[in-house]
Visitor: 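First the structure, then my questions, so here it is.
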Amino acid sequence: MPVPNVISLNTIADHHALAIAPPKDGLVLSGRIRVPGDKSISHRALMLGALAEGETTIAGLLLGEDPHSTADCFRAMGAQISDLNTEHVRVQGIGLGQLLEPNDVLNAGNSGTTLRLMLGILASHAGRFFTVTGDQSLRSRPMSRVVQPLRQMGADIWGRKDAGFAPLAVRGQSLRPIHYHSPIASAQVKSCILLAGLLTEGSTTVTEPALSRDHSERMLKAFGADLTVDPETHSVTIHGPSRLHGQSVIVPGDISSAAFWLVAGAIVPGADLLIENVGVNPTRTGVLDALCLMGADITQEQPRLVAGEPVADLRVRYAGTGNHPPLHACTLGGDLIPRLIDEIPVLAVAATFAQGTTVIQDAAELRVKESDRIAVMSNQLNQMGAHITERSDGMEIVGGTPLHGTVVDSYTDHRIAMSLAIAALRAAGTTTIQRAEAVAVSYPDFVPTLKRICDG
Ligand code: S3P
């Protein structure tokens, strides 16, 4: 039976307030969900397509604001990219080293991946001048993590605070190869250097302290780059200059978007959800490991390989019985963190419903995401009645206290908005999430999907 007014959206000017009021006797959460295309893979498909010779076709692209930013930047540098859609995007590549000097500032919007990966490409386009910027959030995120290794390669990049923050100006150069030992496990840092290495004569190597997502390595190989991976040392080497050839890319569903439904299914009594076509690349499945460690009932159905990436349907069923909550606390840290970095906000929600104290550590990177996700998640969930203490590198979450609805804020961070919406499904009364329009960055259909599965 449809549940009236569980979810409503109020719009004032450009801002949306998402109100969620679960019925007193609880929600019925069931159905099938198809999550949007993987954000990381979508960016890379557009970028490599733009740099390749010939045509690239992309099926399943994410239609969020972030990939639109990437497409607009590369269009401004001469790549022909059709209107973005989920079925069949066509990218007419311009060829490596052939990007045109844009006649305006390149704007990466909210997207760290667009800006950081693009910097490697721009820095290696000798003789051309580029300026890049982003929205308010992106302009406050650190860029020195990519500027510093690029400068070791000979890049010429300027900006305030020694080019630590956008806006940045880049004068492209012929770069020299380096072996960079990254102090952080970051796919954006790794990919930036590998992309700079594409046009650089010789072998450019990145070694990272733990393995971060490897979509760049997989896709660069598929496009024809000469790349070697040493899994023992977490090192990747690109032998440049490489030529790329247009490919047909199929983007799987984004496990980072599926994570919201996985947690919803794990905390809402009686839930039974099937999330179809989710990318389960092992460098991204830390959220499955964490939830299973906490006692969630998640199964992978029909595992398959789609265009070089592992894919499965994920089924989550509420695992509690009677008054017995299904989840228990755990400690998340170490090498697991890069494999679930974007899912920590929603895992914090799961932890508030778990028995015991969950510790999230080694995750200081969360402080420099689209928002300071440690501070924002702790504050916002505590306002709903949670017991979370911030650590410099994570959080301590004492689970088991019931949440209540109140007014909370996304801080314009898409993953915060969606995580709070999932918490609201189990909060008494009405939760109102301010600035919920942020969800469009990675999941434009989040609210309609939430409405549909809540209506049974
Ligand atoms: C991404 C890498 C991660 C992740 C981000 C997407 C990518 O960032 O948090 O959402 O596509 O390479 P870091 O490289 O900063 O860890």
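Whatever order the structure lists them in is the order used to number ligands and atoms, beginning at 1. Every heavy atom of this structure was used, including side-chain atoms; hydrogens, water molecules and symmetry mates were not.
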Visitor: Ala187 versus ligand 1: do any nitrogen or oxygen atoms come within less than 3.5 Å of each other?
Guide: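 Yes, since at least one N or O of Ala187 sits under 3.5 Å from an N or O of ligand 1.
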Visitor: Which heavy atom of the protein is the closest neighbour of atom 6 (C) of ligand 1, given with residue, atom name and distance?
Guide: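 Looking only at protein heavy atoms, the one closest to atom 6 (C) of ligand 1 is Thr113 OG1, 3.5 Å.
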Visitor: Less than 3.5 Å apart, any donor N or O on the side chain of Arg284 or Ser256 sitting next to an acceptor on the other?
Guide: yes
Visitor: Would you say the side chain of Asp66 lies within less than 4.5 Å of the side chain of Asn110, judging by non-hydrogen atoms?
Guide: yes
Visitor: When you measure from atom 12 (O) of ligand 1 to every protein heavy atom, which one gives the shortest distance, and what is it?
Guide: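 Sorting protein heavy atoms by distance from atom 12 (O) of ligand 1 puts Arg44 NH2, 2.7 Å first.
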Visitor: Using only atom types and a distance under 3.5 Å, with no angle test, would you say the side chain of Arg139 pairs donor to acceptor with the backbone of Ala166?
Guide: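 Not a single qualifying donor-acceptor pair exists.
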Visitor: Which ligand 1 atoms, with their elements, are less than 4.0 angstrom from a heavy-atom of Ile341?
Guide: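 Every atom of ligand 1 under 4.0 Å from some heavy atom of Ile341: 9 (O).
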Visitor: Over 60° means perpendicular and under 30° means parallel, so classify the ring planes of His181 and His179, tilted if in between.
Guide: parallel
Visitor: Can you see which heavy atom on Cys192 is nearest to which on Leu150, and at what distance?
Guide: SG-CD1, 3.6 Å
Visitor: Heavy-atom distances under 4.0 Å are what count here, so tell me which part of His215 touches ligand 1: side chain, backbone, both or neither.
Guide: neither
Visitor: One thing to verify: whether Arg90 and Glu55 come together as a salt bridge, which I'm taking to mean a side-chain N less than 4.0 angstrom from a carboxylate O.
Guide: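 Counted as a salt bridge, because a side-chain N and a carboxylate O are separated by less than 4.0 Å.
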Visitor: Give me the atom names and distance for the closest heavy-atom approach of Gly246 to Thr56.
Guide: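 It is CA-OG1, 3.2 Å.
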Visitor: For Arg213, is at least one N or O under 3.5 Å away from an N or O on ligand 1?
Guide: no
Visitor: Return the residue, atom name and 0.1 Å-rounded distance of the protein heavy atom closest to atom 1 (C) of ligand 1.
Guide: Gln188 NE2, 3.6 Å
Visitor: Do any nitrogen or oxygen atoms of Ser186 lie less than 3.5 angstrom from nitrogen or oxygen atoms of ligand 1?
Guide: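 Checking ligand 1 against Ser186, an N or O pair does fall under 3.5 Å apart.
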Visitor: Check each atom of ligand 1 against the heavy atoms of Asp342 and keep those under 4.0 Å away; list them by number with element.
Guide: 4 (C), 5 (C), 9 (O), 10 (O)
Visitor: Give the contacting part of Lys369 toward ligand 1: side chain, backbone, both or neither, where contact means a heavy-atom distance below 4.0 Å.
Guide: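 Just the side chain.
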